[in-house]
Every structure is written in structure tokens, then in C-alpha cells.
Participant: 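Sending over a structure as C-alpha cells; questions will come in a sec.
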Amino acid sequence: MAGFVIKRLLQAVLTVIGVITAAFFLTRLAGDPAALLLPPEATLEETQRLRAALGLDQPLFVQYLLFMGNALKGDFGMSLRESVPAMSLVLDRVPATLELALSSFAVGVGLAFILGILMRMTRHNWVRDLITWIALARQAIPVFSFGLVLILIFSIWLKWLPSYGRGTPAHLVLPALTLGTYELALYLRLFNSSLAAEQRNDYVRTAFAKGQGRIQVLLQHMLPNALLPLVTVAGINLGMLLGGTVVTETVFSWPGAGRLIVQSVSQRDYPVIVAGVFVISVMFVIINLIVDVLYGVLDPRVRLA
Amino acid sequence: MKARFSPLQTIAILLLAVMAVLVIVVPLLPIYDPYGQNLSDSLLPIGGRSFNGHFYLLGTDTLGRDMLSRLALAGQVSTLIGLSAVAVSLVIGVTLGLIAGYFRGPIEAIIMGLADLQLSIPRVLLLIAVTAIVGPSVAGLAIILGVTSWVSYGRVARGMTLSLREREFILSARVQGASAVWNIRQHLLPNVLPQMLIVASYEFGMIIVLEASLSYLGLGVQPPLPSWGMMVAEGQNYLALAPHLAIMPSIALFILVIGFQFLSQAFTKENDLEMVA
């Protein structure tokens, strides 16, 4: 087990180094950082002094090491628009993004769980078909379109829920529904096939033979086993949810890191963009690491792979 | 050759036919200029008629531009970007995948490591970071979307090559002194290509959605050129007053995406293949 954890940890560290390297090249592609920081009327001497202070007169490889050292300290320079470190601007927004991502995760898994059991228990084929088709259709609607449809129905027509901002639990409902249902079709398919696979096991036959009812066998015996693949895949997708928060946050004016990045792009605030992409990528790596290790704990067969 | 289509194929073909009509046939009809502004005709509903008798089948936007012709033009823009991006990613992905699978060793490790690294940054974020720095343009978008989408092709191509390279026809070609380039081009490429086209039909829908998302965020196609994602963003401000502005481009996106989804599913089922993860 220790070997497995160490191996995954090393992979995660390599990935973070890769992300920093990509960020370095992106910032250098954006142009001379000194030119961005100084007013256009700055003299050549002033420019050179700043370049020396930032280490930009060093060879590229030394610059790269400097950049990496600073990145590991979380220092991506000052925001070009507001005189605060770019990193602190991003970190202020991270809780909102995590709140959205985790609630979406809960909505996705919860809905898959409820609908999956409903599909298993019902004796009507049309119910099964209806749920499958709705989930499939949902998957084909982009996040922003689905968000707007929800706003139209629940905020504008029914006036039940707020359409933008953050604060009360009511504010969270529409964004979490928008993002959480995106992968519902995948979750449902997975949950159904793992339930179907459990059905064939001997312990299910034994439970029926003991005289237990359909519902009891399903809930008490099959469910704990069938939930594992669902939670794992949903956990892996939690990382993708982080990417999806960017669009969802923009639709609902949700004050998270993703919306900050998008706003920084239109303001050409490169340090904030790089810090934001770095933070979300690191969160993504950490989440994947945790999910993998947890899965290794729950299912020992994974460690061999 | 089967003469009949499966239900899934029929639905896919019907949906894509609707899109083909919008993108190819509608621009040929005598419709309004998609750029033509007419402030006195602004925000007309579907089937709206202005006071001076102009008829708009799908209504008008805030500047009084005809929605039907804008939807059609935006569809052409999205399709063009999608097709070019798919072509770019197909070429890069297949090349890297075949090289990784054929040569193995450190080359494979580097290529597959690159794929893993790219998957470790959420795709939307990567695209935002790159467009932020390169600046948005139609050609740039197609290239960026293409370069960042090679991984699915690369992985599938490598996986197929791993088993193909051990087969007798490749071994015998190698024994006869065929070069790596010859083997890859003459023997491996034709064998992986059909599967690659299935991946492409799936990826096309994904790329259309990514382009629409970027354009929605204001980082993709730039005005005055319309794009479905941008039209949704413009319509968001008038959601209460004129919901059709945001809904119609959304419907267009939905039909195109689900059409390609069904198409790739129908292919996958027919050829009894596993869909790529």
C-alpha cells in the first residue's frame, strides 16, 4: 500500500512541475513581463532596472528556475489591475469554487443514486426509458445553455430562486443543478451496469433464498457493492467539474476563481490568469490523488495496476 | 451493404439533416443580411412583422438583425472551426499515437507523459489560458482547439498499434527490411483510420461545445462575426424580455451535438467497438 501511495504521490509532483513549466512558457509567450508592469513612457534605464530586479536579464533556464521557485512559494507577482498579489486574489475566490464543485458532485451522485434505484425498482419500462432519454438529452446541452434555461424557468417565470450571486443556500441550487447534471447519463449507465453485475452474484441468490424481499436485497446487499464504481468515477469527474465551474460561475455571476480568471482575461491581467490556472490545476491534481488513494484503500486490486 | 438504418442512425441522420439545411441551404435563400442592423425592427419575436411590413421568421436581436440568417452564419462559423480543429487534432493524435505504439521505449514514455500532463489541466482552463495570450481569431481558435484535443486519438491509435505491431503482416514487412516510416504509413495507418473516424465523430461534438463555451465567455469568435455561444451570451441580458434570443442558438447547439453523439454511438454499436473514455 505504501508503495502505491508513493508512486501516485510522485506522479502528482511530476504533474505539478509540468503545470508550472506550461505556465512559465505561457507567461513568456505573453510578452516581456517588465513591459507589462511599466507605463508606456518608461525610459530604457527604468525598464532595464526592473528587468534586472525581476531576473529577466538572466539566461532562460535560470529564469525558469526562478519562476519555479516563486511558483512553489505561491508567488506569481502582483495583479496588474489591483495592487495585491495575484495569488491572494485567487485564493479569496477558491472557497466559492470548491463550494460549487462539491455541491455539484453531491447533486450528480445523489440524482444518479435516486434515479438509478427508481429505474431498478420500477416495473414500467417507460419510466426507465424516460429517465435514460432525459439524462442523454441533458448531456448534449452545453452548461451555459442549460443554466439559462433553468434561470428562465425558475427565476424569471416561477420566481422561486435567485438567478445570480452567492450567499444563501437558495443561490446554490441552480448553479449546482446546472453543473451536477452534466455527467448524469454516465453515472446512471455506470450505476445500472454495476447493479446488474451484482444481481448475478451468489450472495444475492442466497439472500432471496433466505426469503428477503426485493427491496431489502437491493438496499442491504447489492447497494454497498454497486456504489463503489459510481463514487470513483464521480470522484475522477470532480476534477472535470472544476473546469466546468468556469462557465457555470460566469452564467450565475458566482464569485469563484473561474469567473475571476475569465474577468482577468478581458482585463489582460496575466499574473492572475496564471495563478488561477495554477491553483485550479493543483486542486485538480490533489483531488485525483485523494480519489485514487481512497480507491486503492477500498479495493485492493487497484494497487496492482 | 445494409439497406436499412437502425433507429439510432435514423434519428442521427434526421437531426444532422436539419443542421445541414440551416448551415448550407438557408444561406442560399433570399434572407436578410446577417450583419444588417435595423434599429426600428429590434427585438421582434419569432414570426414577428415590423411596422413597415418586414417579416422575420425567427425574430430579430437587439440591433434588429435577422436571427435566422445570423443563426445560419454562426452555424457555418462553428462547423468550419470544428472541422478544422478535428482535422488538426486527428493528424497530431494519429501521428503521435502511431509513433508511440510502434517505437515504444522512451519515445512512448514521453508522448504518453505529455498526454497525461495535458489531461491534468482542465481543458477549458487550458484553452482560456492559451487564448488569453495568443488572442482570439477564427484560425487561431481552430488551431488551439485542435492542438489541445489530440489525446483521445493518440491514446486509441497507440493502443491499436501495440497489438497490430505484433501481427504477422507487420513482422514479415519488418523482416523484409521495411522502414519504420513505410510500416507506419502502409500498414498501421490504414488499420487504425476507421476507428479514428469514429473518435472524430464523437470529438466533433465536444469541440463544437468547447468553441461555443469560449465564445460564450467572450474569448472565442469575436463580433461582428456571430457564433452560437456568443449569441447565447448576448441573449442572456434579454432573457426575460426576449427569451428566444438565447434559446434558439442553444437549440441549434443541442441538435448538432446530439446528432453527432447518436451518430458515433450508432457507429460504435454497429462495429461492436468500445467507446473511448
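Lettering of chains follows the sequences in order, A, B, ..., and the numbering in each one begins at 1.
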Participant: Quick check on A:Leu136 against chain B: is it the side chain, the backbone, both or neither that has a heavy atom closer than 4.5 Å?
Facilitator: both

Participant: Heavy-atom pairs under 4.5 Å with chain B: which of A:Val247, A:Val277, A:Leu152, A:Val246 has the most?
Facilitator: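 The answer is A:Leu152.
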
Participant: Between the side chain of B:Gln118 and the main-chain N/O of B:Thr148, is any donor-acceptor distance below 3.5 Å?
Facilitator: yes

Participant: Between chain B and each of A:Ile261, A:Asn288, A:Val265, A:Leu242, count heavy-atom pairs under 4.5 Å; write down the option with the most.
Facilitator: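 Among A:Ile261, A:Asn288, A:Val265, A:Leu242, the one with the most close pairs to chain B is A:Val265.
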
Participant: Would a 4.5 Å heavy-atom cut-off, applied to side chains only, mark A:Val251 and B:Gln236 as touching?
Facilitator: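 Yes, side chains in contact.
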
Participant: Under a 4.5 Å cutoff for heavy-atom pairs, which residue among B:Leu210, B:Val130, B:Leu239 has the most contacts with chain A?
Facilitator: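 Option with the greatest count: B:Leu239.
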
Participant: Go through the atoms of B:Ala240 and report whether side chain, backbone, both or neither lie under 4.5 Å from a heavy atom of chain A.
Facilitator: both

Participant: Name the region of A:Gln11, side chain, backbone, both or neither, that has any atom closer than 4.5 Å to a heavy atom of chain B.
Facilitator: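 Neither the backbone nor the side chain of A:Gln11 comes within 4.5 Å of chain B.
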
Participant: Measure A:Ala12 against the heavy atoms of chain B and call it side chain, backbone, both or neither at under 4.5 Å.
Facilitator: neither

Participant: Check the side chains of A:Tyr64 and A:Thr21 for a donor-acceptor pair under 3.5 angstrom, ignoring hydrogens and angles.
Facilitator: yes

Participant: Which residues pass the side chain to side chain donor-acceptor pair (under 3.5 Å) test with A:Gln63, not counting sequence neighbours?
Facilitator: A:Arg28

Participant: In terms of heavy-atom proximity below 4.5 Å to chain B, should A:Ile273 be classed as side chain, backbone, both, or neither?
Facilitator: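 Side chain only.
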
Participant: Heavy-atom cut-off 4.5 Å, strictly under: side chain, backbone, both or neither for B:Leu217 against chain A?
Facilitator: both

Participant: Where does B:Leu125 contact chain A at under 4.5 Å (heavy atoms): side chain, backbone, both or neither?
Facilitator: both

Participant: Could you work out, with ring pair (Phe, Tyr, Trp, His ring centres under 6.0 Å) as the rule, every residue matching A:Tyr164, not counting sequence neighbours?
Facilitator: none

Participant: Can the ring centroids of B:Tyr202 and B:Phe260 be said to lie less than 6.0 angstrom from one another?
Facilitator: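 No: the rings miss the under 6.0 Å criterion.
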
Participant: If you count heavy-atom pairs under 4.5 Å between each of B:Gly205, B:Pro249, B:Ala212 and chain A, which one has the most?
Facilitator: B:Ala212

Participant: I'd like to know if the side chain of A:Thr245 and the backbone of A:Ala101 have a donor-acceptor N/O pair within less than 3.5 Å.
Facilitator: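 Looks like no, no N/O pair under 3.5 Å.
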
Participant: Is the closest side-chain donor-acceptor distance between A:Arg138 and A:Thr181 under 3.5 Å?
Facilitator: yes

Participant: Using non-hydrogen atoms and a 4.5 Å limit, figure out which bit of B:Phe254 sits close to chain A: side chain, backbone, both or neither.
Facilitator: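 Both backbone and side chain of B:Phe254 come within 4.5 Å of chain A.
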
